[in-house]
Amino acid sequence: MKDGRITYKGVIHAFRQEGNLKVAEHSSRFFKTGKGEYGEGDRFLGIRVPVVRKNAKKYRKASLAVTRKLLMSKFHEERLLAVIMLVERFKSGKAADKKSIYALYIGNTQYINNWDIVDTSAHMIVGPYLQDRSKSKLREFARSDVLWERRIAIMATFHYIRRREFATAFEISEMLVDDRQDLIHKAVGWMLREIGNRDRSVEEKFLKKHAATMPRTMLRYAIEKFPEKKRQEYLQMDKLRKKA
């Protein structure tokens with residue numbers, strides 16, 4: 001900090017001291033950073049999530065300029081720190097602040113580039129900001145060639161699901177039901193399961209239309225909490241498809 005202000009250099013100087021080489025090595029494997037994998041080339045400091053969250057609260061009053069620099073970091077944990085700082089600020093922000101945070105987030109999705117960074121933030125910033133606005137940005141992201149933008153699109157709908165507003169989640173799920181990426185299969189299945197946790201009948205309407213053709217991982221995630229007999233009925237649809 002300089003003159004009581006939170007500076008970028010001050011944050012990274014303190015934050016990077018929390019790193020651990022063994023944790024960094026484990027994270028590199030866990031987040032698939034090898035050649036051709038979804039996290040290819042990502043770099044880690046080796047800072048665990050509870051420590052990242054502690055620092056996010058500590059620096060939550062940092063300017064958006066400081067947060068933007070953190071978001072552009074080559075280190076995974078600093079990008080995660082940035083989005084959690086944005087979430088903390090969004091929660092208590094006034095309308096103008098929320099607009100600026102949303103704009104910063106949407107304008108820098110190239111740095112929101114792993115599932116944990118997306119899942120920590122999309123339903124806490126994008127979903128709430130678009131609550132009473134057009135959902136065209138979610139549709140745009142659902143059509144994106146960028147894996148993480150598609151994940152943002154579906155994960156943002158968790159905000160609406162929690163409010164028992166399912167229409168947007170079903171719309172985005174339908175756009176992604178034939179996606180080829182496993183990380184999208186898991187996210188869509190997860191959101192369908194969350195809908196089912198609140199109203200199984202409406203989830204089943206979607207599943208009856210798509211269960212026979214959706215990716216198996218997506219289906220398994222979607223029916224995870226179903227009674228065993230019901231689960232097997234849906235899994236049988238998948239087996240019949242493969243035999244056809």
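Scope of the values below: all heavy atoms of this structure, side chains included, with no hydrogens, waters or symmetry mates.
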Taking the basic N atoms (NZ, or NE/NH1/NH2) and the acidic carboxylate oxygens, is any pair closer than 4.0 Å for [X] and [Y]?
X    : Y    : result
R79  : D116 : no
R150 : D145 : no
E194 : R198 : yes
E171 : R139 : yes
K208 : E233 : no

- Please list, chain by chain and in numerical order, all residues satisfying ring-ring contact (aromatic ring centres under 6.0 Å, His included) with F170, sequence neighbours excluded.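 Expected list: F206.
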- State which residues pass ring-ring contact (aromatic ring centres under 6.0 Å, His included) with Y221; sequence neighbours excluded, sorted by chain then number.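 If we apply the ring-ring contact (aromatic ring centres under 6.0 Å, His included) test to Y221, skipping adjacent residues, there are no hits.
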Between [Y] and [X], is there a side-chain heavy-atom distance shorter than 4.5 Å?
X    : Y    : value
Y129 : Y105 : no
R89  : K98  : no
E18  : N55  : yes

- Query: With a cut-off of under 6.0 Å to the ring centre and 45° to the axis, is K32 in cation-pi contact with Y38?
  - Reply: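 Judged by the rule (NZ or CZ under 6.0 Å from the ring centre, within 45° of its axis), K32 is not positioned above Y38.
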- Item | V23 reachable from V49 in the ILVMFWY side-chain graph, under 4.5 Å edges |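 Hydrophobic grouping puts V49 apart from V23.
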- Side chains of Q236 and Q232: donor-acceptor distance under 3.5 Å anywhere?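 Their side chains do not contain a donor-acceptor pair, so the 3.5 Å distance test is not met.
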- Query: Are H185 and Q181 close enough that a side-chain donor and a side-chain acceptor fall under 3.5 Å?
  - Reply: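 Their side chains do not contain a donor-acceptor pair, so the 3.5 Å distance test is not met.
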For residues 152-161, run the donor-acceptor check on the side chains, cut-off 3.5 Å, and write out each pair with its distance to 0.1 Å, sequence neighbours left out.
from : atom 1 : to   : atom 2 : distance (Å)
T157 : OG1    : I154 : O      : 2.6
H159 : NE2    : Q131 : OE1    : 2.8
Y160 : OH     : G127 : O      : 2.7

